[in-house]
Colleague: 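Below you'll find the structure I mean.
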Amino acid sequence: MLTHRHIEVFRAVMIAGSVTKAAELLGSSQPTVSRELARMEQGIGFALFERVGGRLRPTMPGLALFDEVRQSYAGLERVASAAARLRAFKGGQLSVIALPAFSHSILPDAFRRFHERHAGVSLAVETQESPFLEEWLTAQRYDLGLTEHDAAPAGTRVEPLLEVDEVCALPDGHALLARQRIELADFEGQAFVSLSSSDPYRIQIDEAFEQAGVLRRSIVETPTAVSVCTFVRQGLGLAIVNPLTALDFAGRGLHIRPLVRSFPFRVSVVFPEHRPANPLVGAFMASLRVAADAVEERLASRRH
């Protein structure tokens with residue numbers, strides 16, 4: 001029977017070039033190595049070495065077999081190397097699912113900060129809207145997720161990351177840029193760019209304007225905050241949008257003003273509870289929190 005010990009002895013003799021040196025490499029004795037090598041040759045049915053002038057010379061079948069052994073050990077060495085990189089945060093992959101708005105805003109900044117410390121790690125980002133985002137997190141398909149909801153989907157836990165107010169987005173040259181803060185009444189008769197009618201923030205905003213008796217002129221409805229900001233930048237109207245996306249567009253034909261009326265915008269991190277733990281998650285969370293603090297600082301600087 002061929003055993004792992006036989007393979008280990010054969011490999012050592014091939015690497016060392018002699019039984020004596022192989023025994024030193026293995027921490028064994030010369031007679032033991034010679035005996036194991038002879039048993040291996042007997043078991044496989046052909047000679048691995050020729051004895052020439054007291055030295056061992058590999059046979060052609062021995063060389064061919066050593067090629068197979070090297071490939072096998074190379075696979076083990078790759079596994080050991082990967083384990084070492086993961087242990088030192090020098091390798092591996094982190095999988096994240098998020099709402100589309102976060103893939104344009106807080107995630108790139110967080111990963112930039114993370115990458116400065118863990119350059120060998122790659123990030124796989126999937127974007128999805130609710131309720132599919134929550135369903136995929138429940139299915140334990142990702143290491144973590146970013147959502148706007150406070151409630152934890154089944155099989156997960158949630159931690160709050162950021163809470164800021166939505167902002168008014170205005171195009172270049174708009175008359176309301178003279179105001180430091182925008183009231184709902186300022187939107188009276190203004191061209192307005194909205195999110196889709198089913199969006200929870202759109203519903204909340206519409207209700208607030210209805211209660212205030214303010215009529216806007218709806219120009220565009222579009223499903224994402226990125227698209228909303230793009231239309232605003234073209235001068236098609238005002239919008240109320242999440243500040244993460246608005247900050248990304250600010251200074252490129254789009255301006256931000258705080259609102260007198262508060263529309264809270266929350267970002268939460270979702271952790272699947274039944275997925276194998278990824279040791280990179282804790283370090284990435286630290287970078288996410290720094291990126292969230294940076295968002296709050298940028299918004300605070302625009303209020304002064």
Colleague: In Å and rounded to the nearest 0.5 Å, what is the OG1 to CD distance from Thr147 to Glu134?
Modeller: 4.5 Å
Colleague: Same cluster or not: are Val69 and Met14 linked, directly or through other Ile, Leu, Val, Met, Phe, Trp or Tyr residues, by side-chain heavy atoms under 4.5 angstrom apart?
Modeller: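 Both belong to a single hydrophobic cluster.
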Colleague: Does any non-hydrogen side-chain atom of Glu36 lie less than 4.5 Å from one of His6?
Modeller: yes
Colleague: For the hydrophobic clusters of this structure (ILVMFWY residues joined by side-chain heavy atoms under 4.5 Å, transitively), does one cluster hold both Tyr201 and Phe187?
Modeller: no
Colleague: Tell me if a side-chain donor or acceptor on Thr127 pairs with a main-chain N or O of Ala98 at a distance below 3.5 Å.
Modeller: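 Checking the backbone N and O of Ala98 against the side chain of Thr127, no donor-acceptor pair under 3.5 Å is found.
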Colleague: Count the heavy atoms of every other residue, nucleotide or ligand shown that sit under 6.0 Å from CZ of Arg55, and state whether that count exceeds 12.
Modeller: no
Colleague: Calculate, to the nearest 0.5 Å, the distance between atoms CG and CG belonging to Leu146 and Leu107 respectively.
Modeller: 5.0 Å
Colleague: Once you round to the nearest 0.5 Å, how far does CD1 of Ile106 lie from CG of Leu161?
Modeller: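 Reported to 0.5 Å precision, the distance equals 5.0 Å.
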Colleague: For the residue pair Ser262 and Asp165, what are the closest heavy atoms and their distance?
Modeller: OG-OD1, 2.7 Å
Colleague: Tell me whether Val228 is reachable from Leu259 by hopping between hydrophobic residues (I, L, V, M, F, W, Y) whose side-chain heavy atoms are closer than 4.5 Å.
Modeller: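 Different clusters.
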Colleague: Does atom NE2 of His4 have more than 12 heavy-atom neighbours from other groups under 6.0 Å away?
Modeller: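 No, because the 6.0 Å sphere around NE2 of His4 holds 12 heavy atoms or fewer from other groups.
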Colleague: Do Arg179 and Leu176 pass the side-chain contact (heavy atoms from CB on, under 4.5 Å) test, and can you show the C-alpha distance, the side-chain angles, and the key distance before you say yes or no?
Modeller: CA-CA 5 Å; Arg179 304 285 184 89; Leu176 288 178; 4.1 Å; yes
Colleague: Arg275 and Tyr142: side-chain contact (heavy atoms from CB on, under 4.5 Å), yes or no, with the steps?
Modeller: CA-CA 8 Å; Arg275 180 179 173 85; Tyr142 299 89; 5.6 Å; no
Colleague: Closest heavy-atom contact between Asp150 and Val158?
Modeller: O-CG1, 3.6 Å
Colleague: Within the distance-only criterion (no hydrogens, no angle test), does the side chain of Gln128 pair as donor or acceptor with the backbone N or O of Glu135 below 3.5 angstrom?
Modeller: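 Pair absent, no side-chain N/O of Gln128 close to backbone of Glu135.
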Colleague: I'd like to know if the side chain of Ser196 and the backbone of Ser198 have a donor-acceptor N/O pair within less than 3.5 Å.
Modeller: no
Colleague: Quick one: are Phe249 and Ile256 in side-chain contact, heavy atoms under 4.5 Å?
Modeller: no
Colleague: Do Glu188 and Leu215 come within less than 4.5 Å of each other through their side chains, counting heavy atoms only?
Modeller: yes
Colleague: Before you tell me yes or no, could you show the steps for Ser95 and Asp143 under side chain to side chain donor-acceptor pair (under 3.5 Å), namely the whole-Å CA-CA distance, both residues' side-chain angles and the distance that decides it to 0.1 Å?
Modeller: CA-CA 5 Å; Ser95 60; Asp143 293 316; 3.1 Å; yes
Colleague: Do the non-hydrogen side-chain atoms of Ile205 and Glu166 ever get within less than 4.5 Å of each other?
Modeller: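 Ile205 vs Glu166: side chains touch.
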Colleague: Which value, rounded to the nearest 0.5 Å, describes the distance between Glu163 atom CD and Phe265 atom CZ?
Modeller: 11.0 Å
Colleague: Does Phe231 share a hydrophobic cluster with Leu238, counting links as ILVMFWY side-chain heavy atoms below 4.5 Å and allowing steps through other members?
Modeller: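 Cluster IDs for Phe231 and Leu238 differ.
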Colleague: Around atom CD of Glu116, are there more than 12 heavy atoms of other residues, nucleotides or ligands at under 6.0 Å?
Modeller: yes
Colleague: Indicate yes or no: does Arg51 engage Glu41 in a salt bridge with an N to O separation below 4.0 Å.
Modeller: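 The answer is yes: the pair qualifies as a salt bridge.
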Colleague: What is the distance from atom CZ of Phe46 to atom CG of Leu65, rounded to the nearest 0.5 Å?
Modeller: 5.5 Å
Colleague: Please report the closest heavy-atom contact between Pro171 and Gly237, naming both atoms and the distance.
Modeller: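 Heavy atoms only, the tightest pair is CD-O, 3.7 Å.
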Colleague: With Gln30, which residues qualify under side chain to side chain contact (heavy atoms under 4.5 Å, CB included), at least two apart?
Modeller: Val19, Thr20, Ser34
Colleague: Mind checking whether Val214 and Ile219 sit in one hydrophobic cluster, side chains of I, L, V, M, F, W, Y counted as touching below 4.5 Å?
Modeller: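 Per the 4.5 Å side-chain linkage, Val214 and Ile219 are not co-clustered.
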Colleague: Quick check for you: to the nearest 0.5 Å, what is the distance between Arg70 atom CZ and Ile15 atom CD1?
Modeller: 9.5 Å
Colleague: Would the distance check show the side chain of Ser28 and the main-chain N or O of Val33 forming a donor-acceptor pair, the cut-off being under 3.5 Å?
Modeller: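 No.
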Colleague: Go through the structure and list residues passing side chain to side chain contact (heavy atoms under 4.5 Å, CB included) with Ala294, not counting sequence neighbours.
Modeller: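 Here the qualifying residues are Asp109, Arg113.
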Colleague: Salt-bridged, Arg57 to Glu50, with N to O below 4.0 Å?
Modeller: yes
Colleague: Is it true that Glu126 and Arg141 make a salt bridge, defined as a side-chain N closer than 4.0 Å to a carboxylate O?
Modeller: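 Salt bridge flag = no for Arg141 with Glu126.
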Colleague: Quick one: do Phe132 and Leu137 satisfy side-chain contact (heavy atoms from CB on, under 4.5 Å)? Show the steps, please.
Modeller: CA-CA 9 Å; Phe132 297 109; Leu137 283 166; over 6 Å; no
Colleague: Flag this pair as yes if the NZ/CZ of Arg261 is under 6.0 angstrom from the six-membered ring centre of Phe263 and inside a 45 degree cone about the axis; otherwise no.
Modeller: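 Satisfied, under 6.0 Å and within 45°.
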Colleague: Which heavy atom in Glu129 sits nearest to a heavy atom in Thr224, and how many Å separate them?
Modeller: OE2-CG2, 4.4 Å
Colleague: Are the side chains of Val260 and Ile182 in contact, using a 4.5 Å heavy-atom criterion?
Modeller: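 Counting from C-beta outward, Ile182 and Val260 never come under 4.5 Å.
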Colleague: Under 3.5 Å, is there a donor-acceptor pair linking the side chains of Asn242 and Thr245?
Modeller: yes
Colleague: Are side-chain N/O atoms of Gln234 and Thr230 paired as donor and acceptor at under 3.5 Å?
Modeller: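 There is no such pair (donor and acceptor under 3.5 Å, judged by atom type) between the side chains of Gln234 and Thr230.
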Colleague: Looking at side-chain heavy atoms only, is the closest gap between Leu2 and Ile7 below 4.5 Å?
Modeller: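 A side-chain contact under 4.5 Å exists here.
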Colleague: Considering non-hydrogen atoms only, spot the tightest contact between Ala246 and Val167 and give its length.
Modeller: CB-CG2, 3.7 Å
Colleague: Flag the pair Lys21 and Glu24 as a salt bridge only when some basic side-chain nitrogen lies within less than 4.0 angstrom of an acidic carboxylate oxygen.
Modeller: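 Glu24 and Lys21: not salt-bridged.
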Colleague: Before accepting this row, confirm whether a basic side-chain N of the pair Asp186/Arg257 lies closer than 4.0 Å to the acidic partner's carboxylate O.
Modeller: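 Salt bridge: no.
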Colleague: For residues Val241 and Leu195, determine if any side-chain heavy atom of one lies less than 4.5 Å from a side-chain heavy atom of the other.
Modeller: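 A side-chain contact under 4.5 Å is absent here.
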Colleague: Between Thr156 and Ala152 (side chain of the first, backbone of the second, donor and acceptor by atom type, cut-off under 3.5 Å), is there such a pair?
Modeller: no
Colleague: Got a sec, which residues hit side chain to side chain contact (heavy atoms under 4.5 Å, CB included) with Glu159, two or more places apart in sequence or on another chain?
Modeller: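 Partners of Glu159 under the side chain to side chain contact (heavy atoms under 4.5 Å, CB included) test: Arg157, Phe271, Met285, Arg289.
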Colleague: I need the minimum non-hydrogen distance between Leu99 and Ser130, along with the two atoms involved.
Modeller: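 It is CD2-N, 4.1 Å.
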Colleague: Using salt bridge (Lys or Arg N to Asp or Glu O under 4.0 Å), reason through Arg216 and Asp206 one step at a time and then give a plain yes or no.
Modeller: CA-CA 10 Å; Arg216 301 154 292 160; Asp206 284 354; 2.9 Å; yes
Colleague: So, the side chain of Thr138 versus the backbone of Ala154: is there a donor-acceptor pair under 3.5 Å, distance only?
Modeller: yes
Colleague: Can you list the steps and then say if Leu244 with Val295 is a side-chain contact (heavy atoms from CB on, under 4.5 Å)?
Modeller: CA-CA 7 Å; Leu244 278 69; Val295 169; 4.2 Å; yes
Colleague: Using the ring of each side chain (for Trp, its six-membered ring), is Phe192 parallel, tilted or perpendicular to Phe209, with breaks at 30° and 60°?
Modeller: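 The arrangement is perpendicular - the two ring planes meet at more than 60°.
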Colleague: Is any side-chain heavy atom of Phe284 closer than 4.5 Å to a side-chain heavy atom of Val121?
Modeller: no
Colleague: Hey, does the side chain of His149 reach the backbone of Ala151 with a donor-acceptor pair shorter than 3.5 angstrom?
Modeller: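 Not a single qualifying donor-acceptor pair exists.
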